[in-house]
Amino acid sequence: GSSSMHVSDVPPDRWRRSVRFLKAFAEALSWSGDRVALALFAHLAAPQVRLTKDPNALFFFLDHLGERSPFRLEDIGTWDTNIEEGIYWGLRLVEKDEELFGRTSNPKTFLVVSDGQAWSGNVATAVALARARNIVIHVVGVGTVGGGLIPEAAGPTGVATPNGFFPLARTKRFSDIRGVLDRGSLRKIALAGGGEYFELGRQADRDI
């Protein structure tokens, strides 16, 4: 959910393209004994759905996340990506679930959807902890290696008046920071996590 996910190098932008994929992922599950949780991450992890057997709960949150990330561009923390925090949240979730309901024979998998611009955190440590718990990490990349400029928060434009400033519109401005798909880093995370690397646009979402 970080600022680079607002880049529109994949239409309509990386965020909405990712949500579209997650809906296809949810539709592809059998939901026969499957349980799914969902968290967003930028500078921190923001849990959305705890482990649930109810597909309607997951689709409810995906529908409400469809247009934009809840991490606002105005907030400085949004300009930070911490994949490590997302993985740690998943580990804590699994541990708490086992504490409450006991161990399950279901295999456990983390699915990381990201452009790979991990500007903070020690991802390797989190991945190693997941592997120690026999949790596989698959990674889905979103974006292009050419990338695009990251937008800034919209600012007002208008005309000056004797009593101040009368805003006419809110314009979209771009920073001088280019967000690109860090394919190499994402592949390393998948390899270290014992999983596979996929990339949106290379094959149909349903096939992934």
Mind checking whether Val136 and Ile189 sit in one hydrophobic cluster, side chains of I, L, V, M, F, W, Y counted as touching below 4.5 Å?
-> no
Cluster check Leu51, Phe25: I/L/V/M/F/W/Y, side chain < 4.5 angstrom = no
OG-CG distance between Ser4 and Leu149, expressed to the nearest 0.5 angstrom | 12.5 Å
Euclidean distance, Leu62 CG relative to Ser18 OG, rounded to 0.5 Å | 11.0 Å
If you count the non-hydrogen atoms of other residues, nucleotides and ligands that lie under 6.0 Å from CZ in Arg68, is the total more than 12?
->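 Not buried by this count: 12 neighbours or fewer within 6.0 Å.
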Kindly check if the number of other-residue, nucleotide or ligand heavy atoms within 6.0 Å of CZ (Phe59) is above 12?
->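 Check passes, neighbour count above 12.
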Between [X] and [Y], does any side-chain N to carboxylate O distance fall below 4.0 Å?
X: Glu99; Y: Lys96; result: yes
X: Arg35; Y: Asp97; result: yes
X: Asp63; Y: Lys23; result: yes

Keeping to residues at least two apart or across chains, list the ring-ring contact (aromatic ring centres under 6.0 Å, His included) pairs with something in residues 83-106.
->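 Non-adjacent pairs meeting ring-ring contact (aromatic ring centres under 6.0 Å, His included): zero.
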Which of these, Arg178, Arg17, Arg14, sits in a side-chain contact (heavy atoms from CB on, under 4.5 Å) with Asp9?
-> Arg14
For a quick test of reading the model, state the closest non-hydrogen atom pair linking [X] to [Y] and the distance between them.
X: Ile83; Y: Phe41; result: CG1-CE1, 3.5 Å
X: Val19; Y: Leu65; result: CG2-O, 3.8 Å
X: Ile150; Y: Val7; result: CG1-CG2, 3.7 Å
X: Phe110; Y: Leu91; result: CZ-N, 3.6 Å

Hey, does the side chain of [X] reach the backbone of [Y] with a donor-acceptor pair shorter than 3.5 angstrom?
X: Gln203; Y: Gly201; result: no
X: His138; Y: Gly195; result: no
X: Ser69; Y: Gly1; result: yes
X: Ser8; Y: Pro11; result: no

Listed partners of Glu98 passing salt bridge (Lys or Arg N to Asp or Glu O under 4.0 Å), at least two apart = Arg103, Lys108, Arg133
Taken in chain and number order and not counting sequence neighbours, the residues that satisfy salt bridge (Lys or Arg N to Asp or Glu O under 4.0 Å) with Arg183 are Glu199
Show your working on side-chain contact (heavy atoms from CB on, under 4.5 Å) between Ile87 and Ile137 and close with a plain yes or no.
-> CA-CA 9 Å; Ile87 295 175; Ile137 300 177; 4.1 Å; yes
Might you work through the side-chain contact (heavy atoms from CB on, under 4.5 Å) test for Asn82 and Leu44, ending with a clear yes or no?
-> CA-CA 7 Å; Asn82 196 341; Leu44 50 78; over 6 Å; no
